[in-house]
*Asks:* 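Quick one: the structure is below, questions incoming.
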Amino acid sequence: MTFSRRSRNLLRLGVGITLAFIYIPLLVIAIYAFNGGTTLKWPIDGVTTHWFSVAVHDSGARSALWTSVRVGLAATGIALVLGTLASFAVARHRFFGRETVSFLVVIPIALPGIVTGLAFSDTFTQVFGVTLGLFTVIVGHATFCIVVVYNNVIARLRRVSASLEEASADLGAHTWQTFRHITLPNMQTALVAGALLAFALSFDEIIVTTFTLGAGQQTLPIWILDNLFRGQQLPVTNVVAVIVVLLSIIPVYLAHRLTREESISSRGGGAVGPAESAVVVN
């Protein structure tokens, strides 16, 4: 499809406006992180890196960061197992209600976070009598992290022909050999990309966390929210917010690169061929 010069210029303008709409608020936070004063006003009171040192040595922020990392890793691990199993069931088998299962797996990420958080809070405390803590946060996060892993893996499985697995079985490989040498190599980048995105999603989550976190515990987003309206902590909060943005960019960027490189490799014929793959497991 070809566009006129005017159309291309309008598209460039539209892209520029969209990016500005998304990133100007983040740029403002980044500028305030270097604010020499303790109050928010424009223009800022000079430029300093003092608040970065304060943020790094803040024990509350460090503890909240470690809590977010633990929750993110645990929720990602659960999502990898359950999301992969669900994607295999839907992509590789035909059964009654298959599309319904696919819909039910995906729908949690579309629900308002406050609904999900309230549902988990009531279920844990009122139905099961479980005390809110890191375990309940991990379970709450895993529900929407599963969706990210599921979408990545099922998309890959639909692109990988089942004939590769059938060829492996014809050459004498049992189920686990086929999975290890055929299926897993063809889907490993989708697993990594899904895990990275799931971790980033869990790391940034605040609404579900608010309803499922126990007393006296904080993840990094909760720490930012609690300190946002404390005047003395505001400069440090801005710095921590910038750090969260930078930490969130890393897994998202890596996931984007993985999926992009895999797409290029597939178009270039770089996928594992049935003959080469099947011989390995013989």
*Asks:* Between Thr48 and Asn35, is a side chain to side chain contact (heavy atoms under 4.5 Å, CB included) present by the stated rule, with each step listed?
*Replies:* CA-CA 6 Å; Thr48 181; Asn35 186 13; over 6 Å; no
*Asks:* To the nearest 0.5 Å, what is the distance between OG on Ser63 and CG on Leu220?
*Replies:* 10.0 Å
*Asks:* Got Val242 and Tyr32 here, is their nearest side-chain heavy-atom distance under 4.5 Å?
*Replies:* no
*Asks:* Could you tell me the separation between the NE2 atom of His256 and the CG atom of Leu197, rounded to the nearest 0.5 Å?
*Replies:* 11.0 Å
*Asks:* Do Leu132 and Phe135 belong to the same hydrophobic cluster, where Ile, Leu, Val, Met, Phe, Trp and Tyr are linked whenever their side-chain heavy atoms lie under 4.5 Å apart, directly or via other members?
*Replies:*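 Yes, Leu132 connects to Phe135 through the hydrophobic network.
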*Asks:* Using residues 212-219 as the side-chain source, report each donor-acceptor pair under 3.5 Å to any protein atom, sequence neighbours left out, with the distance given to one decimal.
*Replies:*
| residue | atom | partner | partner atom | Å |
| --- | --- | --- | --- | --- |
| Thr212 | OG1 | Val208 | O | 2.8 |
| Gln217 | OE1 | Gly214 | N | 3.4 |
| Gln218 | NE2 | Asp226 | OD2 | 2.6 |

*Asks:* To the nearest 0.5 Å, what is the distance between CG (Leu19) and CD1 (Ile17)?
*Replies:*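 Rounded to the nearest 0.5 Å, the CG-CD1 separation comes to 10.5 Å.
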*Asks:* Which value, rounded to the nearest 0.5 Å, describes the distance between Cys145 atom SG and Ile138 atom CD1?
*Replies:*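 The distance works out to 11.0 Å.
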*Asks:* Which pairs pass side-chain hydrogen bond (donor to acceptor under 3.5 Å, both in side chains) with one or both residues in residues 195-205, sequence neighbours excluded?
*Replies:*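 Listed by first then second residue: His141-Ser202, Asp204-Ser248.
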*Asks:* Distance check, rounded to the nearest 0.5 Å: Phe199 atom CZ versus Leu254 atom CG?
*Replies:* 12.0 Å
*Asks:* Quickly, which of Leu196, Leu201, Thr76 forms a side-chain contact (heavy atoms from CB on, under 4.5 Å) with Val148? Name it, please.
*Replies:*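 Output: one option passes, namely Leu201.
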*Asks:* If only side-chain N and O atoms count, and only distance matters, is there a donor-acceptor pair under 3.5 Å linking Thr189 with Arg156?
*Replies:* yes
*Asks:* Does the side chain of Ile222 reach to within under 4.5 Å of the side chain of Thr210, using non-hydrogen atoms?
*Replies:* yes
*Asks:* Determine the minimum heavy-atom distance between Ala195 and Val149, stating which atoms define it.
*Replies:*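 Scanning both residues, the minimum pair turns out to be N-CG2, 4.4 Å.
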*Asks:* Over all heavy atoms of both residues, which pair between Val240 and Ala55 is shortest? Give the atoms and the distance, please.
*Replies:* CG2-CB, 4.2 Å
*Asks:* Is a donor on one side and an acceptor on the other found under 3.5 Å between the side chain of Trp51 and the backbone of Ala33?
*Replies:*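 Absent.
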*Asks:* Hydrophobic clusters here meaning ILVMFWY residues chained together by side-chain heavy-atom distances under 4.5 Å, can you tell me if Val192 and Tyr253 are in one?
*Replies:* yes
*Asks:* Hydrophobic clustering (ILVMFWY, side-chain heavy atoms < 4.5 Å, transitive) - are Val130 and Ile78 grouped together?
*Replies:* no
*Asks:* When rounded to the nearest 0.5 angstrom, what is the spacing between CG in Leu225 and CD1 in Ile206?
*Replies:*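 Interatomic distance, Leu225 CG to Ile206 CD1, rounded to 0.5 Å: 4.5 Å.
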*Asks:* With no hydrogens and no angle check, do the side chains of Arg12 and Asn9 hold a donor and an acceptor under 3.5 Å apart?
*Replies:*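 There is such a pair (donor and acceptor under 3.5 Å, judged by atom type) between the side chains of Arg12 and Asn9.
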*Asks:* Quickly, which of Pro251, Pro221, Ser68 forms a side-chain contact (heavy atoms from CB on, under 4.5 Å) with Phe203? Name it, please.
*Replies:* Ser68
*Asks:* For Phe52, is the CZ atom crowded, meaning more than 12 foreign heavy atoms sit under 6.0 Å from it?
*Replies:* yes
*Asks:* Please report, to 0.1 Å, the donor-acceptor pairs under 3.5 Å made by any side chain of residues 100-128, with sequence neighbours excluded.
*Replies:*
| residue | atom | partner | partner atom | Å |
| --- | --- | --- | --- | --- |
| Ser102 | OG | Tyr150 | OH | 2.9 |
| Ser121 | OG | Phe211 | O | 3.4 |
| Thr123 | OG1 | Ala119 | O | 2.7 |
| Thr125 | OG1 | Ser121 | O | 2.6 |

*Asks:* Evaluate the side-chain proximity of Val236 to Asn227: yes if any heavy-atom separation is below 4.5 Å, no if none is.
*Replies:* no
*Asks:* When you group the ILVMFWY residues by side-chain heavy-atom contacts below 4.5 Å and let the links chain together, are Leu27 and Phe34 in the same group?
*Replies:*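 As far as the 4.5 Å side-chain criterion goes, Leu27 and Phe34 are connected within one cluster.
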*Asks:* Hydrophobic cluster membership, with links at side-chain heavy-atom distances under 4.5 Å among I/L/V/M/F/W/Y: are Leu85 and Val139 in one?
*Replies:* no
*Asks:* Taking all atoms of both residues into account, what is the closest heavy-atom pair of Thr237 and Ile224, and its distance?
*Replies:* CG2-CG2, 3.6 Å
*Asks:* Answer yes or no: is there a donor N or O on one side and an acceptor on the other, between the side chain of Arg158 and the main chain of Ala91, under 3.5 Å?
*Replies:* no
*Asks:* Taking Ser53 for the side chain and His50 for the main chain, is one N or O donor matched with an acceptor at less than 3.5 Å?
*Replies:*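 Answer holds: no.
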